Amino acid sequence: MDDQKSNHHNNKSIDLDDSPPFVRIHSHAEIGSSEERAVLELEDERLNSCDSITRKKHPFKETSSSDICHMKCKNSLWNSIKIVIFSSKLNILMVFGPAAIIVHKTTGYHGMVFLLSLLGIIPLAERLGYATEQLASFTGPTVGGLLNATFGNATELIISIFALRNGMIRVVQQSLLGSILSNMLLVLGCAFFSGGLVIMKREQVFNKAAAGVNSGLLLMSVMGLLFPAVLHSTRTELHFGKSELALSRFSSCVMLFAYAAFLYFQLRSSKKLYDMESKTETSDDDEAPEISMWEAIVWLSILTTWIAVLSEYLVDAIEGASTALKIPVAFISVVLLPIVGNAAEHAGAIMFAMKDKLDISLGVAIGSSTQIAMFGIPFCVIIAWIMGQPMDLNFQLFETATLFLTVIVVAFMLQEGTSNYFKGLMLILCYLIVAASFFVHVDLDSVVDKPHKNGE
Amino acid sequence: MKMDYKLQVGVQSHLEMGSLDDRSMHDLDDECLYSPEMDAQKTQSADSHERVSLSGSLAVGGSKMIRNCVYKSIKTVVFSNKLNLLMAFGPLAILVHKMTAHNGWVFFLSLLGITPLAERLGYATEQLAFFTGPTVGGLLNATFGNATELIISIYALKSGMIRVVQLSLLGSILSNMLLVLGCAFFCGGLVYPGKEQVFSKATAVVNSGLLLMAVMGLLFPAVLHYTHTERHAGKSELALSRFSSCVMLLAYASYLVFQLKCQKDLYAPIDEEGSQNGENSDDDDDEAPEISKWESVIWLAIMTAWISILSDYLVDAIEGASEAWNVSIAFISVILLPIIGNAAEHASAIMFAMKDKLDISLGVAIGSSTQISMFGIPFCVVIGWMMGQEMDLNFQLFETATLFITVIVVAFFLQEGTSNYFKGLMLILCYLIVAASFFVHEDRSSTDESKQPQT
């Protein structure tokens, strides 16, 4: 049962018991910052064990909802900022955000703008996840699960929406694809590898059932992507140019429906499990959020806005960066963008694997892939439909074949339910091959993909 | 195969939805019929007399007796099933064809007319299988299980509509694997939400393996053609297809042998725990056929003949129907034809899943797919060879890719050995995507196909 329990920890789409692990993810993500974290005194008894001393963050329960004192407000604002911004060493990178904007306005040197905005987005993405998880601890399992399911990859979605507005459809497709590939191969491989190295004597196990459901969903998304691509490449569509679009939109609706059913199914089965088990095994503060609900919402909006702003600069700079750095746009979109964007999740997954909590790592890695494949991609197609952009599910044959092969490899590796460092190494090496292929891949479509700024 | 055959028996009995009450009941002097449920059914006395007469120990008023037998037989076979109302559409289709030649209607009506005939054909096969023992019975089921599709295919081959044959067989496999299986999983999962239903992993895996082998057989000619790397353009794929078909038929034959031997080994010691005889609700006619052996043979012949006639009209009307309804031929062959043709199997698979007999559902769905892919398709290639038609295994890239991804998805879903409503839902949604793809798919090769109607 413990396995089942931790299995449901790992899935990003439910938040029943997810708040503790995700609290832990973000706490652990602040690499080595515990000693320097500002220790905040606690008025609340939520802090219930000496474990909290060893925790990298001290939960600070704000009593703002009942407190209208001005000084307390100012205090709480300062403390809030302290928790959210200054509590993580990673947030030093935040300064690169404004730096990117300054560089853009002064020099217009695309390569630097691209790099700086990319670096600036990393901590924001991580904080966004943190805020989401904090908010989720207030809203209860259902809405919390939905929150995680939607905002889990909010960064990728925001970047994609901006790219769509510019008409850079290929970039959207490739960045989403790259996100899936990097999650499935690189993040998972690193997790397996590091976990296997740390825990040498035995094979780590994870919940086969959850992995199987995720693999099934990934295969279904491959199916949804395969048909438009094959239709196009065999030139057998009924109305040239229009058929794939119509088919893609229909398939996207079907995939979104499947994802909704998946969430529902997960919630039902996890509810059942939760009733059966009384308590989780976490010794830390189970349900203790660190900032209040309104703070969480406010921070959520602030971070989203910031990410949106930086994304715009990022997207505008892609093509210039490609010429400046002399790398193909495909490589930037598929390999660079996701690796850097996913850095925080990556670190989290590795740490959990090393603590022998492989189910959580799996949830981060494969759950994220499933989310993007079955929610992110169809969602972008629908958004493009609304915007009037002709984004379809035809990712062109090369990219679709890559995804197909990767999903099969990963599904095969996962089906056993065990992991060791060799499997991790194989996955990492597979990712190397994929990355190398994209390094020498010329995307014929992107040459014609001029940024069409419409509706700005 | 005996297990399959027994399951098929169960299938057919349950197929007559709600007809147990209406079934004409034949009194039996013989001890074969041993359940008291039979008493509740309508009693006719003719059957016992008929058996006695057939065993030659009676030579009473000949013609009147025979007329009675025929009448009773017809009653059992034809009138015992509400589905058979659709039989009226058969002659109607012929009438419409002769009068108006409106192809859309002819197609639709003949399709509806074939549905009950297909179901009755299965029934007659299973009845005959009672008399022939497990081996031949298994073979009968293996061959006639998809007789309808084969008959339609042979007629299409005669007309030279090779693409239609390929597409309809492909569509049959796809609809069995995704739609029928998905509905079975889904309905079963809804009825039993508390637990996950289980099925025999071994059978599922063997079937998946055979399906993958079939995909391999189909993939090579298609890729050879697509990459333009065949040695003798046009002739290589045909030769390769014919060779591969023989190999696949051999594989299927060994599969049957393997199944039979396994059943024999399992059958003796385990005492049919696998075939769930104990708690079966078809306890009633376990070994009790409802019509005699000769009746079965005759009905089999009659049904086959009827199906052939209707298939002829059906096949002739396909292209006209495609124009009349403004749907592509690919969509009609791949989606419409199999769904309606398979309706009876579909319903029975769902019913078995809802009774928590998921193994039988799986046998109906996946077993049928395996049969068509490893027996039906190669068989048609060989028949085409004999007819002089150039049917090969090159199903064109789009269709082959579809089959490939579908087999992989289904093989993956089956390997766990459990089912729940979500898996069923996923399979059904996958079928939606497949159907939508074929809706916008134009089959280039069928437009330049030369039709040589050979009578």
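Protein chains get the first letters and strands the later ones, always in sequence-line order, with residue 1 at the start of each. Because the structure is a prediction, the values reported are computed rather than measured.
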Margin query: Set out, in order, the CA-CA distance, both residues' side-chain angles and the distance that settles side chain to side chain contact (heavy atoms under 4.5 Å, CB included) for B/F439 and A/L247, then state yes or no.
Written below: CA-CA 9 Å; B/F439 193 69; A/L247 175 65; over 6 Å; no
Notebook entry, point to check: How far does CD1 of B/I433 sit from CG of A/L226, to the nearest 0.5 angstrom?
Noted result: 10.5 Å
Checklist line | Heavy-atom proximity to chain A below 4.5 Å, by part of B/F331 | finding: neither
Margin query: Taking CD in B/E196 as the centre, count heavy atoms belonging to other residues, nucleotides or ligands within less than 6.0 Å. Is the count above 12?
Written below: yes
Checklist line | Between A/S251, A/S215, A/A411, the one whose heavy-atom pairs under 4.5 Å with chain B are most numerous | finding: A/S215
Next item on the list: Would you please test B/V409 and A/M220 for side chain to side chain contact (heavy atoms under 4.5 Å, CB included) and show each step?
Entry: CA-CA 7 Å; B/V409 167; A/M220 181 174 172; over 6 Å; no
Next item on the list: Could you pull out the closest heavy-atom pair between B/T402 and A/F227, with the gap in Å?
Entry: OG1-CE2, 3.2 Å
Notebook entry, point to check: What's the spacing between A/Q415 CD and B/E416 CD if we round to 0.5 Å?
Noted result: 10.0 Å
Margin query: How close do B/S437 and A/L231 get, counting heavy atoms only, and between which atoms?
Written below: O-CD1, 4.2 Å
Checklist line | Approximate separation, where rounding is to 0.5 Å, of A/C253 SG and B/L429 CG | finding: 11.5 Å
Next item on the list: Supply the atom-to-atom distance A/L219 CG to B/M426 CE, rounded to the nearest 0.5 angstrom.
Entry: 9.5 Å
Margin query: Between B/F398 and chain A, with a heavy-atom cut-off of 4.5 Å, which part of the residue counts as in contact: side chain, backbone, both or neither?
Written below: both
Checklist line | Exceeds 12 heavy-atom contacts within 6.0 angstrom, atom CZ of B/F422 | finding: yes
Checklist line | Toward chain A, the part of B/T418 with a non-hydrogen atom under 4.5 Å | finding: neither
Next item on the list: Indicate the ring-plane relationship of B/Y421 and A/F265, choosing parallel, tilted or perpendicular according to the 30° and 60° boundaries.
Entry: perpendicular
Check: Counting heavy atoms not belonging to A/Y431, are there more than 12 under 6.0 Å from its OH?
Finding: yes
Next item on the list: Please name the pair of heavy atoms, one in A/F250 and one in B/L432, separated by the smallest distance, quoted to 0.1 Å.
Entry: CE2-O, 3.8 Å
Next item on the list: Give, for atom CG of B/L425 and atom CZ of A/F257, the distance between the pair rounded to the nearest 0.5 Å.
Entry: 5.5 Å
Check: Going from OG1 on A/T234 to CD on B/E399, what distance comes out if it is rounded to the nearest 0.5 angstrom?
Finding: 8.0 Å
Next item on the list: Quick one: do A/M223 and B/V434 satisfy side chain to side chain contact (heavy atoms under 4.5 Å, CB included)? Show the steps, please.
Entry: CA-CA 8 Å; A/M223 197 181 225; B/V434 169; 3.9 Å; yes
Check: Which one, A/V222, A/I408, A/L217, leads in non-hydrogen pairs under 4.5 Å with chain B?
Finding: A/L217
Next item on the list: Begin from the C-alpha positions of B/F412 and A/F412 and carry the test side chain to side chain contact (heavy atoms under 4.5 Å, CB included) through to its verdict.
Entry: CA-CA 9 Å; B/F412 184 77; A/F412 184 75; over 6 Å; no
